[in-house]
Amino acid sequence: MKNDKVLITGGAGFIGSNYVEYVLKNSKDEIFVLDKLTYAGNLQNLEAVSDKINFIKGDICDLEFIQKLFAEHQFQKVVHFAAESHVDNSISGPSEFIQTNIVGTFNLLQCVYKTWMSGPNDLKDEFKKARFLHISTDEVYGTLGETGLFTEETSYAPNSPYSASKASSDFIVRSYFHTYGLPVVTTNCSNNYGPNQHKEKLIPTIIRKAISGQPIPIYGDGKKKRT
Ligand SMILES: NC(=O)c1ccc[n+]([C@@H]2O[C@H](COP(=O)([O-])OP(=O)(O)OC[C@H]3O[C@@H](n4cnc5c(N)ncnc54)[C@H](O)[C@@H]3O)[C@@H](O)[C@H]2O)c1
């Protein structure tokens, strides 16, 4: 039986590179990693598996390029991690966040729709098991009060250009499910930490500062909660 071709976007970043290693251990799918290699992407994150994957350097904002990629490979599954992901950068320069997180996600959805479906609610036979997995964040839900937790029923209340761009992408993904019946799944996880994480992120920053005896930075009054 032919193995499925899986497109993993943002696979040279923190979570994407960990996922690539996981999926190589747990499936026989043929892995294609698409990454623009921004400051956040690093091929060293994929060094251990470089002979087991097909790496493609490219930008999800480049629609023509993405269309050609889908025409050539007819991916069965798309796991979409690629994003501008650092809140602080979204405050100093929101434009890239709007482009990559919103327009880039739209480009992928449009290519997936054209590849997998003959029309609304009409999946082609060869794509009956296809899936688009959209990796989003719990930051779309905003901030918690003293108590409580976020659920899938919680109203969206994004507070930064980063979370607003991710919330926008979630809505576009949702619309492709409701309008066209595209097989999508969206996840809204909380903060991750671990190997390959960029040093700009919260936990690496705190560890670095603590080790070097410097003051530990806090956001706002330090009382914001997300669960
Ligand atoms: N890190 C977390 O704690 C966390 C929590 C919740 C959700 N998420 C989401 O998970 C996903 C991955 O997060 P991460 O922390 O691994 O991010 P990251 O910044 O480490 O990696 C993002 C990757 O996407 C690539 N990329 C950026 N723009 C691109 C473009 N236009 N075209 C192609 N590739 C591009 C980068 O080069 C990089 O390799 C993101 O969608 C993020 O919103 C992350």
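Numbers here simply count residues along the sequence, with the first being 1. Order of appearance sets the numbers: ligands from 1, and atoms from 1 within every ligand. Just so you know, these numbers come straight off a predicted model, no measurement behind them.
The shortest separation from a heavy atom of N191 to ligand 1 is under 4.0 Å, placing the residue in contact. Judged by the shortest distance from any of its heavy atoms, K166 lies inside the 4.0 Å radius around the atoms of ligand 1. By the 4.0 Å heavy-atom criterion, G104 is excluded from the residues contacting ligand 1. At least one heavy atom of S136 sits under 4.0 Å from some atom of ligand 1.
A salt bridge links K68 and E64; the closest N-O separation between the charged side-chain nitrogens and carboxylate oxygens is under 4.0 Å. Using a cut-off of 4.0 Å between Lys/Arg side-chain N and Asp/Glu carboxylate O, K77 and D29 are scored as salt-bridged.
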Just distance, no hydrogens or angles: give the donor-acceptor pairs under 3.5 Å from side chains in residues 48-55, sequence neighbours left out.
| residue | atom | partner | partner atom | Å |
| --- | --- | --- | --- | --- |
| S50 | OG | E47 | O | 3.2 |
| N54 | ND2 | I31 | O | 3.1 |

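Under a 4.0 Å criterion applied to the non-hydrogen atoms of I135, ligand 1 contributes the atoms 10 (O), 41 (O). Close contacts of ligand 1 with F81, meaning ligand atoms under 4.0 Å from a residue heavy atom, involve 11 (C), 12 (C), 40 (C), 41 (O). Annotation for ligand 1: atoms under 4.0 Å from non-hydrogen atoms of T137 are 6 (C), 7 (C). Within ligand 1, the atoms closer than 4.0 Å to a non-hydrogen atom of K201 are 15 (O), numbered from 1 in the order shown. Near A12, with a cut-off below 4.0 Å to any heavy atom, the atoms of ligand 1 are 39 (O). Close contacts of ligand 1 with G58, meaning ligand atoms under 4.0 Å from a residue heavy atom, involve 32 (N), 33 (C). Taking every heavy atom of T38 and a limit of under 4.0 angstrom, the matching atoms of ligand 1 come to 27 (C), 28 (N), 36 (C), 37 (O).
Using a 30° and 60° split on the angle between ring planes, Y156 and Y141 fall in the perpendicular class, above 60°. Below 30°, between 30° and 60°, or above 60°: for Y176 and Y113 the angle between ring planes is above 60°, a perpendicular geometry.
In this structure Y39 satisfies the ring pair (Phe, Tyr, Trp, His ring centres under 6.0 Å) test together with H198, sequence neighbours excluded.
Between S85 and ligand 1, an N or O atom pair is found at a separation short of 3.5 Å. Annotation: H80 places no N or O atom under 3.5 Å from an N or O atom of ligand 1; distance criterion only. Residue contacts with ligand 1: D59 is placed with a nitrogen or oxygen under 3.5 Å of a nitrogen or oxygen of the ligand (distance criterion only). Checked against a 3.5 angstrom limit, the closest N/O atoms of S190 and ligand 1 fall outside it. Checked against a 3.5 angstrom limit, the closest N/O atoms of Y162 and ligand 1 fall inside it. Taking any N or O of I60, backbone or side chain, at least one lies under 3.5 Å from an N or O belonging to ligand 1. Looking at F14 next to ligand 1, an N or O pair under 3.5 Å apart turns up. When only interatomic distances are considered, the shortest N/O to N/O separation between N42 and ligand 1 does not fall below 3.5 Å.
At a heavy-atom cutoff of 4.0 Å, ligand 1 is contacted by the backbone of L37 but not by its side chain.
Closest heavy-atom approach to atom 3 (O) of ligand 1 within the set V33, N192, N196: this belongs to N192. Considering I203, L43, D35 only, the shortest heavy-atom separation from atom 39 (O) of ligand 1 involves D35. The nearest non-hydrogen atom to atom 21 (O) of ligand 1, considering only G13, S17, S169, A82, comes from G13.
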**Request:** Dump the intermediate steps for side chain to side chain contact (heavy atoms under 4.5 Å, CB included) on H134 and D170, then the final yes or no.
**Result:** CA-CA 8 Å; H134 175 56; D170 292 7; 3.0 Å; yes
**Prompt:** Can you check ring pair (Phe, Tyr, Trp, His ring centres under 6.0 Å) on F14 and F81, steps first, answer last?
**Reply:** CA-CA 9 Å; F14 161 44; F81 292 97; 9.9 Å; no
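Side-chain contact between P217 and K209 is present, with at least one heavy-atom pair separated by less than 4.5 Å.
By the 6.0 Å contact criterion, CZ on F70 is enclosed, its count of non-hydrogen atoms from other residues, nucleotides or ligands being greater than 12. Annotation: E152, atom CD; neighbour count of heavy atoms from other residues, nucleotides and ligands within 6.0 Å does not exceed 12.
No side-chain donor-acceptor contact under 3.5 Å links Y162 and N89. Using modelled atom types, one finds a donor on one side chain and an acceptor on the other under 3.5 Å when comparing K201 with S85.
The residue from N45, N42, L46, I15 that alone fulfils the side chain to side chain contact (heavy atoms under 4.5 Å, CB included) condition with N196 is N45.
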